[in-house]
Each structure stands twice: as structure tokens, then as C-alpha cells.
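Because only heavy atoms are used, hydrogens play no part in the values below, and waters and symmetry mates are left out as well, while side chains stay in. Nothing here was measured: the structure is a model prediction, and the numbers come from that model.
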Amino acid sequence: MDWFYAIVYGIVEGITEFLPISSTGHLILTGNLMGVPWSKEVKDTFEVVIQGGAILAVLAYYWKDFLQIRHIGRDKTQQNLWLGVVVACIPAVILGVLFGDTIKAYLFRPSVVAWALIVGGILMWLIESRRVTPNVDAIEKIGVRRSLMIGALQCLALLWPGFSRSASSILGGMVLGLDRPTATKFSFYLGVPTLGGAALLDFIKSRDILAEIGVLNVLLGAAVSFVVAYLSIGWLLRFVSTNNFKPFAIYRVIVGVLILVLLATGVMTNGNLA
């Protein structure tokens, strides 16, 4: 059944990584409902690898844009853009280094994730209910100061597992004046160094575990994650061009309540997931 688990995990990761609905919450729910027999170490390592597939999907989707970085030495627009991306990553890096292990030890539990989904959904609904005219319609116009603030707001996902990195960065961008498509695209860009760095670090720490999963299963999960994430990115960009995030807000609350129900009925345990 390992190949089946690999495919399902890849699908869930690919769909949820860049949508504002928390990949962490969905992977927790998926693993519990399927009764995946893998050890904690195997699950953690596998999730890191398939996350890498989702990151590669961003690079593939925006490959023409990313190629422009070769002109950064003489292109002021590229300099401003990537300076903003780098600056936005700083708060998460500092917080992760200082408190990452502590957060995992005490907060990485299904009940915490469930409430993060619910509260995040409510905040998403409230933010979308405001009548505010955005003043930033391109990622090149975000600026360093606003990028740093988005990066700080992104840390909410690290402090509160299940809140969703995509949700915190997208909603943070919208609060700071970005329109929906621009906030979404910047969240994709920001995910490359943020998720890529975390994935690389975790991979280095636990690369020996990969032998227990099987190379073919690892490649299968990563490949599925890549394909599904690529399709999800395109779908989300089309969606936000004509819709708001309220459907995601409702969905988050439903999933959060579902996790709480599963905990209350004993179908899911509230043990530490880190």
C-alpha cells in the first residue's frame, strides 16, 4: 500500500500547499483517516520531499519570470523584487531558528491545527468583507517595507500550526494594500525560499530515513505533488482574478470542525505530531 499512500499524500500536498487552507491540517487529516502505518520519522521525511515537488511547480510555472533574475545586476525592477522576497523571509528564518523546535514540541497537535483553521477562516471572511481599494497591482511595486511586513505576518503560520503560510501571506498582503492576484503571486514567490530552505534543512537532518520509504515511492509522491501543485497554481490565479476568498473561509471552518469532531469521537488522537 505504500505506493497508494504516496499518491494520496502527493495529491493532498499538491492541492493544499499554495491554497490558503493549510497543507499541514490536510496532511494530518489524510494520514489519520487512511491509517498510514508509517512511523513519525518516515511521515515527516516523506512530507518534506513531496513539499519539494510543490516548490518545483512554482519554479516551472513562473520559469520565464525567474529567468529574469539573470538581469538583476542591471535591472532595478528585479533588484527591488528580489530584495523584497529576501527581506520577507527574514522574520520566518529568525523565528524558526529560535523557536521552531519549541513550537513543534508544544503546538503541533490536531486540536491546535483545527482551531487555527477555524480562526483563520473567520479572519479571511472578515478581511474579504471590508471595502478597501487596493493600491498595489504588481509584485514589483510592493517595496521592501511592505514586503517585510508581509513576512512578519507570514510568521503567524509558524507560530500557529494549521493557520497556513499561504493564508497568512496572502491575507497580510491584502491588508497592506495588495490586490488579490498580486498578493497570491507574491505568496508563491515567497514560498520558494521559505519552503525550499525548510525542506532542504529537514532533508539534510533526516535523509537516512528515505531508505525506509523506498526510492520509487519517494519519486512517485514528489512527482504527483509537482503535477497537482502546478495545476493548482494555475487554477488559483484564475479563481482570484474574478472571485474572493470567502469560499476558502467557509471550507476552512468546515475542516477545522471536522477535526474537532474526529478528536471528540476518538477517531483521531490529539498526540504531538512533531
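In this structure, Phe4 places its CZ atom where only 12 or fewer heavy-atom neighbours from other residues, nucleotides or ligands lie under 6.0 Å away. Heavy-atom contacts from other residues, nucleotides or ligands closer than 6.0 Å to CH2 of Trp82 number more than 12.
Side-chain contact check for Ile21 versus Val255: every heavy-atom pair is 4.5 Å or farther apart. Looking only at side-chain heavy atoms (C-beta outward), Leu148 and Pro91 come within less than 4.5 Å of each other.
Counting all heavy atoms, side chain and backbone alike, Met124 lies closest to Phe245 at SD-O, 3.4 Å.
Aromatic pair Phe239/Phe248: centroids less than 6.0 angstrom apart.
A distance-only check finds no donor-acceptor pair linking the side chain of Arg74 to the backbone of His71 [under 3.5 Å]. A donor-acceptor contact shorter than 3.5 Å is absent between the side chain of Arg165 and the backbone of Glu17.
Listed by chain and residue number, nothing satisfies the side chain to side chain donor-acceptor pair (under 3.5 Å) test with Trp235 (two or more places apart in sequence, or in another chain).
Atom SG of Cys155 sits about 8.5 Å away from atom CD1 of Ile94, to the nearest 0.5 Å. To the nearest 0.5 Å, atoms CG (Leu190) and CD (Gln154) are separated by 4.0 Å.
Ring geometry for His26 versus Tyr251: interplanar angle under 30°, hence parallel rather than tilted (30 to 60°).
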